[in-house]
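The structure appears right after this line, and notes come after that.
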Amino acid sequence: MQDIQKYVEENKQRFIDELIELLKIPSISADSKYKKDLLKTAEAVKESLLKAGCDVAEIHETPGHPVVYGEKIIDKNLPTVLVYGHYDVQPPDPLDLWESPPFEPVIKKTEIHPEGAIFARGACDDKGQMYMHVKAMEYMTKNDELPCNVKFMIEGEEEVGSEHLGWFIEKNKEKLQNDVILISDTGMIAKETPSITTGLRGLSYMEVEVTGPNRDLHSGLYGGAVANPINVLSKMIGSLQDENNRITIPGFYDNVKEYSEAERAKMAEAPFDLEEYKKKLNIADVQGEEGYSTLERASIRPTLDVNGIWGGYTGEGAKTVLPSKAYAKISMRLVSDQDWKRISELFTKHFESLAPKSVKVKITTHHGGQAYVTPIDTLEYQAANDAYAEVFGKDPIPQHSGGSIPIVSLFEKELRSKTILMGFGLDTDAIHSPNEHFGIWNYLKGIETIPYFYKHFTRLKQAEK
């Protein structure tokens with residue numbers, strides 16, 4: 001694979017242009033009015049797989065958005081890598097905070113990306129990282145460097161909880177059989193510090209609705225006499241954490257793993273500059289659960305966060321209204337053996353108990369998933385380690401991520417194979433936020449590194465026999 005760097009350099013502009021075209025399509029899975037755009041994106045992904053060398057590429061309908069499947073089987077006696085990614089993206093709101101339109105990609109130089117970064121919704125999460133695998137496949141097929149079989153499963157519902165992916169897997173278990181699942185939907189510590197994500201947090205995503213009077217009321221005539229749902233909701237949410245920022249839901253911490261001092265010391269070896277962290281976020285100080293470092297709070301500890309809250313009048317100027325309803329969306333990131341369905345039930349029971357008689361509460365569970373930990377003493381991990389070492393000249397650092405990919409635990413349960421998370425994004429890439437971007441250097445370095453995983457995985461797997 002000595003020609004991979006040359007191939008990437010020669011095709012650099014085409015790789016960038018192709019990704020930009022994909023990023024122009026607003027494949028927002030959370031909003032039904034973008035259904036046609038999701039279908040258009042799925043078709044574009046299918047065509048890209050065929051052009052990259054897949055012998056088969058298909059669009060599979062589901063009760064929700066379709067799954068794109070592709071494969072190239074060169075020898076059934078060789079190992080098979082299943083690549084997972086997603087083509088759907090988060091809503092771009094709030095639009096007024098974008099420096100350029102979210103679906104009109106632009107390349108801008110930044111302090112971290114002096115060679116330029118592509119700014120667009122989905123640039124890093126996950127169109128850019130998914131497309132690295134398509135281009136890596138192209139290199140391997142065109143240069144006769146594909147050492148094993150490869151399958152692709154690219155879905156369109158990851159950002160809304162992969163609601164129908166389990167349905168698809170159940171109906172296609174034989175088609176999806178593999179020896180390892182490879183995903184790039186995570187990040188690396190820094191451009192000069194490669195890392196492999198070995199732990200993901202789980203997720204429980206809830207929505208609450210608090211109702212007071214049967215209509216909006218005049219805040220002068222009724223204020224002080226009738227419960228204000230926004231005031232009540234704010235107090236209820238405020239009580240979900242104590243003065244040490246621990247979550248107050250009874251039973252919430254029952255299955256949370258407590259790491260030993262030795263394990264925590266090992267995690268602390270990852271390079272981290274707290275002052276630089278605060279500077280990048282433009283904050284004066286950090287906040288979190290008492291007794292844990294910033295890295296621990298963002299990876300091995302569970303959380304509860306309000307993702308959105310609304311009600312009453314929010315337009316320009318003033319309107320003296322006592323609202324009938326107030327709403328909030330609340331997510332809980334989970335760890336170790338916390339079961340997301342049980343946590344959702346505990347949240348529901350506790351939140352209902354907080355409501356005074358003056359209001360009614362409705363709670364909806366949207367979606368969730370289990371936490372996942374990848375052992376580092378496996379053949380699969382060693383292959384990824386060797387791939388990074390060959391390209392970066394140093395071993396990657398294993399690290400726990402604060403993010404969630406709920407379907408990873410589903411993969412292990414249903415397909416009985418391990419998942420390797422080879423991410424190339426950075427924590428400054430603003431995924432899920434305005435001005436999301438993906439460094440061109442990172443994008444191309446991913447394309448360069450991925451083929452080495454195939455090489456080393458096949459080598460180790462064959463040696464195992």
Side-chain angles (χ1 to χ4, degrees), residues 18-19 21-50 52 54 56-71 82-93 102-103 105 120-134 151-173 175-176 181-186 203-205 207 307 329 331 340 364-369 403-411 414-415 419 431-432 436:
E18 288 177 7
L19 175 56
E21 289 304 307
L22 194 63
L23 291 169
K24 289 179 180 179
I25 312 172
S27 50
I28 305 167
S29 54
D31 192 332
S32 59
K33 73 172 179 250
Y34 292 97
K35 184 176 181 179
K36 289 184 179 179
D37 293 295
L38 282 141
L39 293 172
K40 182 179 179 181
T41 312
E43 187 63 39
V45 172
K46 171 192 166 184
E47 291 303 314
S48 71
L49 290 174
L50 289 171
C54 281
V56 174
E58 308 161 335
I59 294 178
H60 289 257
E61 298 298 327
T62 76
H65 302 306
V67 173
V68 183
Y69 174 83
E71 69 176 28
L82 173 62
V83 176
Y84 165 83
H86 64 93
Y87 63 83
D88 66 319
V89 301
Q90 284 272 330
D93 313 68
F103 297 105
R121 172 57 88 230
C124 180
D125 182 20
D126 180 47
K127 286 180 178 175
Q129 297 212 71
M130 174 271 290
Y131 207 66
M132 295 184 310
H133 290 271
V134 179
K151 298 177 180 179
F152 289 84
M153 178 172 60
I154 314 298
E155 69 151 319
E157 295 186 339
E158 196 276 343
E159 298 293 6
V160 289
S162 301
E163 183 178 358
H164 299 105
L165 192 63
W167 179 92
F168 174 78
I169 291 173
E170 179 63 32
K171 292 181 177 299
N172 293 277
K173 282 187 179 180
K175 181 190 287 283
L176 297 170
I181 298 170
L182 185 59
I183 300 177
S184 294
D185 195 11
T186 52
L203 175 68
S204 170
Y205 196 96
E207 182 171 333
N307 304 130
K329 293 181 186 289
S331 67
W340 79 271
T364 303
T365 301
H366 278 298
H367 62 266
S404 304
I405 309 178
I407 40 75
V408 173
S409 58
L410 173 70
F411 290 161
E414 297 295 335
L415 299 177
T419 294
I431 63 172
H432 292 206
E436 177 183 351

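Quick note: numbers below take in every heavy atom, side chains included, and nothing from hydrogens, waters or symmetry partners.
- Taken to the nearest 0.5 Å, the NZ atom of Lys175 stands 8.5 Å off from the NZ atom of Lys151.
- The residue from Ile181, Thr419, Leu182 that alone fulfils the side-chain contact (heavy atoms from CB on, under 4.5 Å) condition with Leu82 is Ile181.
- Here the CD1 atom belonging to Ile25 is positioned 10.5 Å from the OH atom belonging to Tyr87, to the nearest 0.5 angstrom.
- Partners of Glu18 under the side chain to side chain contact (heavy atoms under 4.5 Å, CB included) rule, at least two apart in sequence or in another chain, are Arg14, Tyr131, Lys135.
- The pair Glu21-Lys24 meets the salt-bridge criterion, with a side-chain N (NZ, NE, NH1 or NH2) lying under 4.0 Å from an Asp/Glu carboxylate O.
- Asp88 is not listed as a side-chain neighbour of His65, based on a closest heavy-atom distance of 4.5 Å or more.
- With values rounded to the nearest 0.5 angstrom, Ile183 atom CD1 is found 11.0 Å from Gln129 atom CD.
- Using a 4.5 Å heavy-atom threshold, the side chains of Thr62 and Glu155 count as separate.
- When every heavy atom of Leu203 is checked against every heavy atom of Ser331, the shortest pair comes out as CD1-CB, 4.0 Å.
- Of all heavy-atom pairs spanning Glu436 and Ala123, the tightest one is OE2-N, 3.3 Å.
- The minimum heavy-atom distance between Gly70 and Cys54, with the atom names listed, is C-SG, 4.2 Å.
- With Asp126 contributing its side chain and Gly85 its backbone, the two residues share no donor-acceptor pair below 3.5 Å.
- For His60 and Phe168, the gap between ring centers is short of 6.0 Å.
- Closest approach of Gly156 to Leu38, counting heavy atoms only: O-CD2, 3.9 Å.
- A 4.5 Å side-chain heavy-atom check between Met130 and His86 finds every atom pair outside the cut-off.
- Distance check: Leu410 CG to Leu165 CG gives 6.5 Å after rounding to the nearest 0.5 Å.
- Heavy atoms from other residues, nucleotides or ligands lying under 6.0 Å from NZ of Lys329 number more than 12.
- Looking at heavy atoms from C-beta onward, Val68 lies out of side-chain contact with Thr41 at the 4.5 angstrom threshold.
- Residues Asp37 and Ile28 are not in side-chain contact: their nearest non-hydrogen atoms beyond the backbone lie 4.5 Å or more apart.
- Taking every heavy atom of both residues into account, Ile407 and Ser162 meet most closely at CG2-CB, 3.4 Å.
- Looking at Arg121, its side chain never comes within 3.5 Å of a backbone N or O of Pro26 through a donor-acceptor pair.
- When side chains are defined from C-beta on, Met153 counts as touching Val67, because their heavy atoms get closer than 4.5 Å.
- For Lys127 and Ser27, the side-chain atoms include at least one donor-acceptor pair closer than 3.5 Å.
- Counting non-hydrogen atoms of neighbouring residues, nucleotides and ligands closer than 6.0 angstrom, the NZ atom of Lys40 reaches no more than 12 such neighbours.
- With sequence neighbours excluded, no residue forms a ring-ring contact (aromatic ring centres under 6.0 Å, His included) with His432.
- Looking at Asp125 and Asp185, their side chains come closer than 4.5 Å, going by heavy atoms from C-beta outward.
- Under the ring-ring contact (aromatic ring centres under 6.0 Å, His included) criterion, His367 pairs with Tyr205, sequence neighbours left out.
- Separating the OG atom in Ser404 from the CH2 atom in Trp340 is a distance of 12.0 Å, to the nearest 0.5 Å.
- Inter-residue side-chain proximity for Leu49 and Tyr69 is flagged as unmet; no heavy-atom pair is nearer than 4.5 Å.
- The CD1 atom of Ile154 lies 12.0 Å from the CD1 atom of Ile59; values are rounded to the nearest 0.5 Å.
- At least one donor-acceptor pair under 3.5 Å links the side chain of Glu157 to the backbone N or O of His164.
- Between the side chain of Glu414 and the backbone N or O of Glu170 there is no donor-acceptor pair closer than 3.5 Å.
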